[in-house]
Amino acid sequence: MHYDLVIFDNDGVLVDSEPISNRLLAGYLTELGHPTSYEDSIRDYMGSAMHRVHDLVEQRTGQRLPADFDDVFHARVFDSFERELKPVTGAVEILERLAADGVPYCVASSGSHERIRVGHRTTGLDRWFDEERIFSSQDVGRGKPAPDLFLYAAERMGVAPEQCVVVEDSPLGVQAAVAAGMDVYGFASMTPAEKLVGVTRLFTDMRELTELLR
């Protein structure tokens, strides 16, 4: 394989969580008096850490979200995950192949450690990810589109950035990978391909990734 480490984004790449979380985020923001459509949420927040939600709302309205916003939102998300969340089609197959071939991989997500673990446990992907393979924006000072999270994951995994490939589905994540000096394969499933600017390669079916990485 061309790379020494495969770094997966989580939401929308490994677990099919973006439709759930963006529907709930749009609904909660609207409930709080900040009208937000599902499409708005996808455009503005997909792939980002929670601080971006707080920052954008305050910039646009001059109002701060409630202190318990994150806790309430995550409680709603986790409840829906238990009932609705599935792995992305093809995710299990690519993880099985990488593990069988002995190719190092990890996940680097804007989501919290709790969110990552709840999603993996619910979908059965936890069998592929021990503690040493999980990295969250909580681990670094700045989330995506800053490169910090991907650089941190590469450092912890002992691989130089130029030997890593990132699998991402959001413009913010692609920006972060490019800024980290890594190749990035853009998963154009929910996001239109033209918005994944700067990717090394584009693909639309996770089942294609095994061959693309050869």
Side-chain angles (χ1 to χ4, degrees), residues 5-18 20-22 24-25 28-29 41-59 64-65 67-78 81 85 88 91 105-123 125-126 128-159 161 164-182 184-187 190-191 196 198-199:
L5 176 66
V6 181
I7 304 177
F8 291 96
D9 175 44
N10 190 55
D11 295 294
V13 170
L14 294 176
V15 294
D16 195 16
S17 54
E18 294 291 10
I20 299 171
S21 58
N22 281 283
L24 293 172
L25 180 58
Y28 189 24
L29 288 172
S41 183
I42 292 288
R43 182 195 64 223
D44 293 340
Y45 304 121
M46 181 173 158
S48 67
M50 287 301 295
H51 67 78
R52 179 177 171 86
V53 182
H54 290 264
D55 292 346
L56 281 184
V57 169
E58 186 169 5
Q59 288 172 19
R64 292 188 176 183
L65 292 171
D68 64 349
F69 179 87
D70 291 11
D71 291 338
V72 173
F73 173 63
H74 284 129
R76 295 181 182 187
V77 168
F78 297 161
F81 276 6
L85 190 63
V88 167
Y105 64 90
C106 65
V107 61
S109 172
S110 292
S112 66
H113 277 282
E114 183 182 16
R115 178 184 173 118
I116 297 168
R117 285 165 173 76
V118 168
H120 286 187
R121 184 175 65 250
T122 303
T123 58
L125 295 185
D126 53 340
W128 306 108
F129 290 96
D130 53 30
E131 293 294 322
E132 289 72 27
R133 296 182 190 267
I134 299 177
F135 305 100
S136 161
S137 61
Q138 290 180 311
D139 301 326
V140 295
R142 300 180 299 168
K144 304 169 189 178
D148 304 35
L149 176 57
F150 290 138
L151 292 173
Y152 177 75
E155 179 183 10
R156 289 291 302 273
M157 296 293 290
V159 178
C164 300
V165 62
V166 175
V167 184
E168 263 288 355
D169 71 327
S170 75
L172 293 175
V174 170
Q175 291 175 42
V178 171
M182 301 175 180
V184 53
Y185 284 16
F187 182 41
M190 285 187 61
T191 304
L196 299 177
V199 296

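FYI, side chains are in, hydrogens and waters are out, and symmetry mates aren't considered; it's all heavy atoms of this structure.
- Residues Ile7 and Phe135 have side chains not in contact (no heavy-atom distance under 4.5 Å, counting atoms from C-beta outward).
- Pairing each heavy atom of Leu149 with each of Ser136, the nearest pair is CD1-O, 3.4 Å.
- With rounding to the nearest 0.5 Å, the separation of NE2 in His54 from CG in Asp70 is 3.5 Å.
- Applying the ring pair (Phe, Tyr, Trp, His ring centres under 6.0 Å) test to Tyr105 and every residue at least two apart in sequence or in another chain returns Phe129.
- The closest donor-acceptor contact from the side chain of Ser110 to the backbone of Gly47 lies under 3.5 Å.
- Of all heavy-atom pairs between Gly119 and Val15, the closest is O-CG1, 4.0 Å.
- Between Phe150 and Gly173 the shortest heavy-atom distance is CE1-O, 3.5 Å.
- The nearest pair of heavy atoms linking Arg142 to Asp148 is NH2-OD1, 2.9 Å.
- Between Gly198 and Val184, the shortest heavy-atom contact is O-CG1, 4.0 Å.
- Distance OG1/Thr191 to CG/Leu196: 5.5 Å, rounded to 0.5 Å.
- Relative ring orientation between His74 and Phe78 is described as parallel, the plane-to-plane angle staying below 30° on a 0-90° scale split at 30° and 60°.
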- Kindly determine whether Val165 and Val6 satisfy side-chain contact (heavy atoms from CB on, under 4.5 Å), including the steps that lead there. CA-CA 5 Å; Val165 62; Val6 181; 4.0 Å; yes
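- Taking CZ of Phe81 as the start and CG of Asp16 as the end, the distance is 9.5 Å to the nearest 0.5 Å.
- With sequence neighbours excluded, no residue forms a side chain to side chain donor-acceptor pair (under 3.5 Å) with Gln138.
- A search for salt bridge (charged side-chain N to carboxylate O under 4.0 Å, His left out) contacts involving Arg43 returns Asp40, not counting sequence neighbours.
- In this structure, Asp9 pairs ionically with Lys144, as a charged nitrogen and a carboxylate oxygen lie closer than 4.0 Å.
- Checked against side chain to side chain donor-acceptor pair (under 3.5 Å), Glu155 has no partners two or more places apart in sequence or in another chain.
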- Pair Phe69-Val53, side-chain contact (heavy atoms from CB on, under 4.5 Å): steps then yes or no: CA-CA 10 Å; Phe69 179 87; Val53 182; 4.1 Å; yes
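- Side-chain contact between Phe187 and Val88 is present, with heavy atoms from C-beta onward closer than 4.5 Å.
- Between Leu65 and Leu29 there is a side-chain heavy-atom pair separated by less than 4.5 Å.
- Under the salt bridge (charged side-chain N to carboxylate O under 4.0 Å, His left out) criterion, Arg133 pairs with Asp130, not counting sequence neighbours.
- Counting only distance, with no hydrogens or angles, the side chain of Arg52 and the backbone of Met46 share no donor-acceptor pair below 3.5 Å.
- In this structure, the salt bridge (charged side-chain N to carboxylate O under 4.0 Å, His left out) partners of Glu131, at least two apart in sequence or on a different chain, are Arg117.
- A donor and an acceptor atom, one from each side chain of Ser21 and Arg115, are located under 3.5 Å apart.
- Of all non-hydrogen atoms in Met182 and Pro161, the two that sit nearest each other are CG-O, 3.3 Å.
- Rounded to the nearest 0.5 Å, atoms CD (Glu18) and CG (Asp169) are 5.5 Å apart.
- With no hydrogens or angles considered, a side-chain donor-acceptor pair links Ser17 and Asp11 at under 3.5 Å.
- Taking OG1 of Thr122 as the reference point, atom CG of Leu125 lies at 10.0 Å (rounded to 0.5 Å).
- Taken from NE2 in His120 to CG in Asn10, the straight-line distance is 3.5 Å, to the nearest 0.5 Å.
- Using a 4.5 Å heavy-atom cutoff, the side chains of Tyr45 and Leu56 are in contact.
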